[in-house]
Number of protein chains: 2
Amino acid sequence: MTQLSKYEAMIVKSGSKLTKQRKQILKVIVDHSDEHFSAETLYDLVRHIDSSIGIATVYRTLELFEKLKIIRNVKIKNDGVNYYDVIDLDEQNHFHHHLICTTCNRIIEIADELESYEAFIKEKYGFNVTDHDLTLYGTCASCQ
Amino acid sequence: MTQLSKYEAMIVKSGSKLTKQRKQILKVIVDHSDEHFSAETLYDLVRHIDSSIGIATVYRTLELFEKLKIIRNVKIKNDGVNYYDVIDLDEQNHFHHHLICTTCNRIIEIADELESYEAFIKEKYGFNVTDHDLTLYGTCASCQ
DNA sequence: GTGTGTGCAAACCTTTTGCAACCGG
DNA sequence: CCGGTTGCAAAAGGTTTGCACACAC
């Protein structure tokens with residue numbers, strides 16, 4: 001069973017229909033699983049496959065995929081655009097972090113955990129962390 | 001010298017004019033220094049003082065204050081609105097984190113550092129962290 | 001067949017911009 | 001005074017929505 005068909009199974013399982021458009025969008029997302037994408041980006045990519053698709057469908061599909069936890073919204077920019085990335089199937093949790101180089105604007109994804117920090121927060125504030133969003137800004141190795 | 005006049009000094013020092021509108025907006029921000037605010041929120045608050053102010057002025061002022069590091073943009077929601085909070089004058093660095101309770105939606109600000117984690121990132125990726133943005137989601141003490 | 005999903009266009013909402021008038025230094 | 005700043009209104013840009021038609025199950 002491929003990565004793609006597992007996501008398709010998630011759509012079917014949720015009771016949603018596996019339409020041509022959803023398949024096309026899903027394929028483009030999986031083929032670009034190492035990138036961050038916006039509705040506009042996806043729309044452009046999918047239009048190469050099927051020029052009749054509408055931007056509204058892309059927005060509605062992103063909303064569905066986010067609800068199904070196929071993709072997640074990542075808060076990496078404040079330019080008024082929503083960006084997403086795929087949630088890996090064998091990702092044990094929803095944690096992933098970004099290193100953004102303020103010199104070359106490169107975005108590096110890392111998976112290192114914050115377990116000890118979260119234990120500390122639990123201890124100090126009685127707050128039980130279930131998810132998080134971490135972006136580190138600075139200069140990457142090649143820009144230093 | 002009050003907190004307010006220190007911020008006013010920062011405006012003058014930057015070469016910008018200390019207009020009536022900027023003073024009014026600054027006062028409202030300082031009076032609500034424990035909250036996160038949007039342009040709309042500020043606009044509503046300032047209109048109570050001076051009903052002739054324009055929303056465009058609020059946006060332009062937020063842009064100026066952000067550049068002067070009087071306020072910072074916080075990525076706490078994806079509702080298409082930009083939120084800000086005041087940067088405390090005696091804040092040693094620009095680090096501050098949010099705990100967002102997914103049950104009651106309360107936002108708790110904390111100041112605990114991530115120094116050891118950043119040292120680890122430097123070691124492993126050669127990435128030099130100068131700033132960061134961390135939001136932890138979960139359940140607060142009273143919601144558990 | 002039935003109801004969910006789609007494409008289109010209009011509407012919406014936040015933010016930005018052009019411009020003439022205004023006012024702070 | 002002079003140039004930065006403002007208020008207004010229009011525009012821009014991203015996202016949402018109403019509706020008739022299409023299609024997955």
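Lettering of chains follows the sequences in order, A, B, ..., and the numbering in each one begins at 1.
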Can you check the [X] [atom1] to [N] [atom2] distance for me, whole Å?
{"X": "A:Leu62", "N": "D:dT15", "atom1": "CG", "atom2": "P", "answer": "9 Å"}
{"X": "A:Asp79", "N": "D:dG14", "atom1": "CG", "atom2": "C1'", "answer": "10 Å"}
{"X": "A:Asp44", "N": "D:dG13", "atom1": "CG", "atom2": "C1'", "answer": "15 Å"}
{"X": "B:Lys13", "N": "C:dG24", "atom1": "NZ", "atom2": "C1'", "answer": "21 Å"}
{"X": "A:Lys17", "N": "C:dG1", "atom1": "NZ", "atom2": "C1'", "answer": "11 Å"}
{"X": "B:Arg47", "N": "D:dG7", "atom1": "CZ", "atom2": "P", "answer": "12 Å"}
{"X": "A:Tyr43", "N": "C:dG7", "atom1": "OH", "atom2": "C1'", "answer": "9 Å"}
{"X": "B:Phe37", "N": "C:dT14", "atom1": "CZ", "atom2": "P", "answer": "17 Å"}

Exercise. Quick one: label B:Ser38 by what it contacts on the DNA or RNA (base, sugar-phosphate, nothing), any heavy atom closer than 4.0 Å.
Key: nothing

Quiz item: B:Ile55 near the nucleic acid: base, sugar-phosphate alone, or nothing, with a heavy-atom cut-off under 4.0 Å?
Solution: nothing

Quiz item: Relative to the ring of A:Phe37, is the ring of A:Tyr84 parallel (under 30°), tilted (30 to 60°) or perpendicular (over 60°)?
Solution: parallel

Exercise. Among the candidates C:dC8, D:dT15, D:dT5, find the nucleotide nearest to the side-chain atoms of B:Arg22.
Key: D:dT5

Quiz item: So which one's nearest nucleotide on DNA chain C is more toward 5', A:Val58 or B:Ala39?
Solution: A:Val58

Under 4.0 Å: is that the gap between some side-chain N or O of [X] and OP1 or OP2 of [N]?
{"X": "B:Arg60", "N": "D:dT5", "value": "no"}
{"X": "A:Tyr59", "N": "D:dT15", "value": "yes"}
{"X": "A:Thr57", "N": "C:dG5", "value": "no"}
{"X": "A:Asn82", "N": "D:dG14", "value": "no"}

Would a distance-only check, ignoring hydrogens and angles, find a side-chain to backbone donor-acceptor pair under 3.5 Å from [X] to [Y]?
{"X": "B:Ser16", "Y": "B:Val12", "answer": "no"}
{"X": "A:Arg47", "Y": "A:Ile53", "answer": "no"}
{"X": "B:Ser5", "Y": "B:Glu8", "answer": "no"}

Quiz prompt | A:Gln144 atom CD, neighbour heavy-atom count above 12 within 6.0 Å | solution = yes

Quiz item: Which sits closer to the 5' end of DNA chain D, B:Gln21 or A:Glu63, going by the nucleotide each is nearest to?
Solution: B:Gln21

